[in-house]
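Per chain, numbering begins at 1; letters A, B, ... match sequence-line order.
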Amino acid sequence: MDLQTIQSFNHDLLDWFHQEGRKLPWRETSNPYYIWISEVMLQQTQVNTVIPYYERFIKQFPTPSALASASEQEVLKCWEGLGYYSRARHLQEGVREVVEKYDSTLPERKKDLLSITGIGPYTAAALLSIAFNEPEPAIDGNLMRVLSRVFLIDDDISKQKTRKKFEALASNLIIETVPSAFNQALMDLGAMICRPKTTECTECPIQNYCLAYKEGVQLEYPVKTGKAKLRTLNYAVLLITDEHGRYLIEQRPEQGLLAGMWQFPMVALDEYAEQSQREQFIQSRVGKIDFRQQSFTYTHRFSHLIWQLSLFKGQIQEDRRLKEREKWMSLNDMQHYPFPVSHQKVIEWVKKNRQEHT
DNA sequence: AAGACGGGGCA
DNA sequence: TGCCCAGTCTT
């Protein structure tokens with residue numbers, strides 16, 4: 001595009017954005033801390049999912065120091081159900097760095113932003129453009145989808161090198177416009193018009209510039225390879241009660257999947273094909289219980305794996321001691337601890353099942 | 001350069 | 001069901 005085309009492209013894009021752009025809670029504020037929170041929540045997560053979490057989060061942690069001084073469990077509880085929980089842990093860690101190193105004020109230099117835990121190239125650019133109105137293009141899925149169509153770019157967007165290419169391209173476009181509006185306009189366009197599977201090209205403000213539309217090949221872009229093969233993991237979920245009707249629960253390790261969250265004890269079953277071996281292994285984990293009664297099975301789907309959960313009820317032997325990271329807990333108290341959605345379903349099932357039998 | 005990391009929405 | 005979503009960190 002020549003300079004004049006770039007300017008009219010931006011004019012048409014921003015004109016549409018000001019007419020049709022979405023009104024969103026984090027667009028009502030100029031507080032960089034709030035914008036930061038929104039950007040982290042929006043990673044790999046759709047707008048409508050984020051809105052209630054955002055409102056609750058800034059209410060509970062209205063300032064960087066409030067978040068910095070909270071416990072990790074409080075933060076996880078507020079994030080419960082949103083997924084990618086390392087985002088919450090990294091956000092709190094990053095906020096603590098800002099409180100200590102930058103006097104609770106988000107720095108405005110790109111290099112400083114990138115040094116903060118949880119802030120990568122996208123979030124740094126989003127903050128620079130939206131909060132500080134610096135001409136930094138925020139390279140995300142929306143931008144790459146829209147621009148791959150406009151310019152017929154067939155590089156694989158799952159490759160790291162491709163991000164650089166879009167960055168160079170968008171850097172030229174954003175110089176001739178209002179940085180904060182440019183990035184947000186492309187996000188709205190990607191969400192409302194230039195969607196992955198279905199497009200609304202007849203309503204698109206930049207249709208005239210779009211080479212893919214001109215050739216009728218919108219849906220062939222962007223090019224993206226690489227598919228993860230879903231593994232299925234089988235687990236026994238143990239519903240073990242004590243004499244007070246409380247359940248045995250355990251806290252997951254501090255690293256890895258669902259780190260630091262709580263669950264009913266889970267025992268991996270895949271290594272044990274034989275029922276008798278399974279029983280023996282479960283006993284080695286929690287002690288001697290009567291678990292002949294299988295009550296319920298449930299399949300939980302993550303993006304990269306599948307959990308096949310089978311519930312077992314049992315009474316535990318009286319003299320068994322609690323192990324590290326284990327706790328007895330009533331169903332009501334569970335609402336104060338962060339549980340992954342898979343185990344929230346288990347809690348719901350247990351409550352429902354209990355009511356039917358009393 | 002890949003893989004890990006959640007959960008919900010949608011055709 | 002499979003793919004996508006305002007990505008980042010780890011290996």
Residues in residues 152-161 of chain A with a heavy atom under 4.0 Å of DNA chain B, by number, are A:Lys159, A:Gln160
- Message: Checking the side chain of A:Gln92 only, and the main-chain atoms of A:Ala70 only, is there a donor and an acceptor separated by less than 3.5 Å?
- Response: yes
What residues 140-147 of chain A contributes to the DNA chain C interface at heavy-atom separation below 4.0 Å is A:Asp140, A:Gly141, A:Asn142, A:Arg145
Sorted by chain and number, sequence neighbours left out, ring-ring contact (aromatic ring centres under 6.0 Å, His included) with A:Phe166 holds for none
The ring-ring contact (aromatic ring centres under 6.0 Å, His included) partners of A:Phe61 (sequence neighbours excluded) come to A:Phe57
Notebook entry, point to check: Is there a salt bridge (charged side-chain N to carboxylate O under 4.0 Å, His left out) between A:Lys23 and A:Glu28 once you walk through the steps?
Noted result: CA-CA 8 Å; A:Lys23 308 275 185 282; A:Glu28 309 289 314; over 6 Å; no
Exercise for the section: Using the C1' atom on both, measure C:dC5 against B:dA1 and round to a whole Å. Expected result: 23 Å
Separation of C:dT10 atom P from A:Arg87 atom CZ, nearest Å, is 16 Å
Set out, line by line, the N/O atom pairs under 3.5 Å between protein and nucleotides 7-11 of chain B.
unit_1 : atom_1 : unit_2   : atom_2 : d
B:dG7  : OP1    : A:Tyr85  : OH     : 2.9
B:dG7  : OP1    : A:Val341 : N      : 3.0
B:dG7  : OP2    : A:His300 : NE2    : 3.1

Check your understanding: Just checking A:Ser38: base, sugar-phosphate only, or nothing, at a heavy-atom cut-off of under 4.0 Å?
Key -> nothing
Item to complete: Mind checking A:Arg89 for me? I need base, sugar-phosphate or nothing, with any heavy atom below 4.0 Å counting as a touch.
Response: nothing
By nearest-heavy-atom nucleotide on DNA chain C, the more 5' of A:Gly120 and A:Lys224 is A:Lys224
| Sidechain N-carboxylate O distance under 4.0 Å for A:Asp188, A:Arg27 | yes
Of the candidates B:dG6, C:dG7, B:dA4, the side chain of A:Arg231 sits closest to B:dA4
Only one of A:Arg89, A:Glu97, A:His90 passes side chain to side chain donor-acceptor pair (under 3.5 Å) with A:Thr117, and that residue is A:Glu97
For this session: Would you mind checking if A:Arg56 and A:Glu80 are paired as a salt bridge, meaning a charged N to carboxylate O distance below 4.0 Å?
Result: no
*asked:* Classify A:Val50 by what it touches in the nucleic acid, base, sugar-phosphate, or nothing, heavy-atom distance under 4.0 Å.
replied: nothing
Between the side chains of A:Glu167 and A:Arg163, is the shortest nitrogen-to-carboxylate-oxygen separation below 4.0 Å, so that they form an ion pair? yes
query = Donor-acceptor pair, A:Lys77 side chain versus A:Gln335 backbone, under 3.5 Å?
reply = yes
Distance below 4.0 Å between A:His304 side-chain N/O and B:dC5 OP1 or OP2: yes
*Report the relative orientation of the aromatic rings in A:Phe339 and A:Phe264; use parallel for angles under 30°, tilted for 30 to 60°, perpendicular for over 60°.*
tilted
Open item on the list: Once you apply a heavy-atom cut-off of 4.0 Å, does A:Leu91 come out as touching a base, just sugar-phosphate, or nothing?
Closed with: nothing
Check your understanding: Touch check for A:Trp26, heavy atoms < 4.0 angstrom, all strands: base, sugar-phosphate only, or nothing?
Key -> base
_Can you tell me how the ring of A:Phe296 sits relative to the ring of A:Tyr298, calling it parallel under 30°, perpendicular over 60° and tilted otherwise?_
parallel
What integer number of Å spans the C1' atoms of C:dC4 and B:dG6? 14 Å
* Answer with base, sugar-phosphate or nothing: what part of the nucleic acid does A:Arg27 contact at a heavy-atom distance below 4.0 Å? => base
Atom CZ of A:Arg163 and atom C1' of C:dT8 are separated, to the nearest Å, by 11 Å
When rounded to the nearest Å, what value does the distance between P atoms of C:dC9 and B:dG8 take?
-> 24 Å
Hits for ring-ring contact (aromatic ring centres under 6.0 Å, His included) against A:Trp26, two or more places apart or cross-chain, chain-then-number order -> A:Tyr54
